[in-house]
Amino acid sequence: MKPIEGGKEIAQELERHKIKRLTQQDILNAAQKYGDSVVVVAERLHVQRLAEHLAQGGIAAAIPYCQPENFEEVEALQDKFGAISRRFSERPRNPQNVARGGTAQALARYSSGQQQGANVEELGQDQIRYTSPIYLRDETCLSCHGTVGQELGESDYTLIKEKYPQDQATGYKKGDLMGMWELTFDKMDLVAFLNDQPKKSRRPR
């Protein structure tokens, strides 16, 4: 019998679209893996863009690039995995980064040293929360978050205070915990991505 034309390709395509039987642990592992991916990309781009803009135009040029969760590349990854990312701090610069409720509890676990690495947990039936600590690892960050009058110049701090009058995010040293990433995964969207299927939900962003 003559083999079907393109039979191997057809079989591979059918296999690719076969719905995987995913356990709860599979889904949590995926949230951990893709959460790590988003954070790695966001932090790498963050440091790179801050360094470029600080070199070109100082603090004034760098300030708009201190929200890596809004970078186009990061938003594209979030959309792909069915996640929404935010950053939170106990000493925020932007009032939008104040943690509340379960997010504040997760952040407290990092600041107390109870939690040190990335973590995933279920939020009810439909969502998974991924968290990861943010440490000040790069000297570049001290230009905006170091001690005023030392790494952070007085006139530069005046610029920061004009944009963020309630700023609390100075006085950091290299290695300090600055806050936490939180990614909220829509479980249905994540399962759809793992099965190479169209997204089920369309959450407002």
- Query: Looking only at atom types and distance, does a side-chain atom of Gln115 sit under 3.5 Å from a main-chain N or O of Ala106, one as donor and one as acceptor?
  - Reply: no
- Message: Under a 3.5 Å distance rule, please check whether Asp167 uses its side chain to pair with a backbone N or O of Lys161 as donor and acceptor.
- Response: no
- Query: Got a donor-acceptor contact below 3.5 angstrom from the Tyr110 side chain to the Thr131 backbone?
  - Reply: yes
- Just by modelled atom types, is the Ala99 backbone N or O under 3.5 Å from a matching donor or acceptor in the Thr103 side chain? no
- Query: Name the one of Leu22, Ile27, Asn29 that satisfies side-chain contact (heavy atoms from CB on, under 4.5 Å) with Gln25?
  - Reply: Asn29
- Any sub-3.5 Å donor-acceptor pair from Ser89's side-chain atoms to Met178's backbone N or O? yes
- Note on the structure: Result for side-chain contact (heavy atoms from CB on, under 4.5 Å) between Leu142 and one of Leu152, Thr147, Thr170, Leu136 points to Leu136
- Start with the C-alpha distance between Tyr130 and Val38, add both sets of side-chain angles, then the distance that settles side-chain contact (heavy atoms from CB on, under 4.5 Å), and finish with yes or no. CA-CA 11 Å; Tyr130 163 98; Val38 172; over 6 Å; no
- Would a distance-only check, ignoring hydrogens and angles, find a side-chain to backbone donor-acceptor pair under 3.5 Å from His53 to Ala61? no
- Under 3.5 Å: donor-acceptor pair, side chain of Arg93, backbone of Cys144: yes
- Message: Using a 6.0 Å cut-off, check whether atom OH of Tyr65 has over 12 heavy atoms from anything other than its own residue.
- Response: no
- So, Arg86 and Glu69, do they make that salt bridge, N to O below 4.0 Å? no
- Message: I'd like to know if the side chain of Asp26 and the backbone of Thr23 have a donor-acceptor N/O pair within less than 3.5 Å.
- Response: yes
- Do the ring centers of Tyr34 and Phe185 come within less than 6.0 Å of each other? no
- Item | Carboxylate-amine/guanidinium proximity below 4.0 Å for Lys187 and Asp126 | no
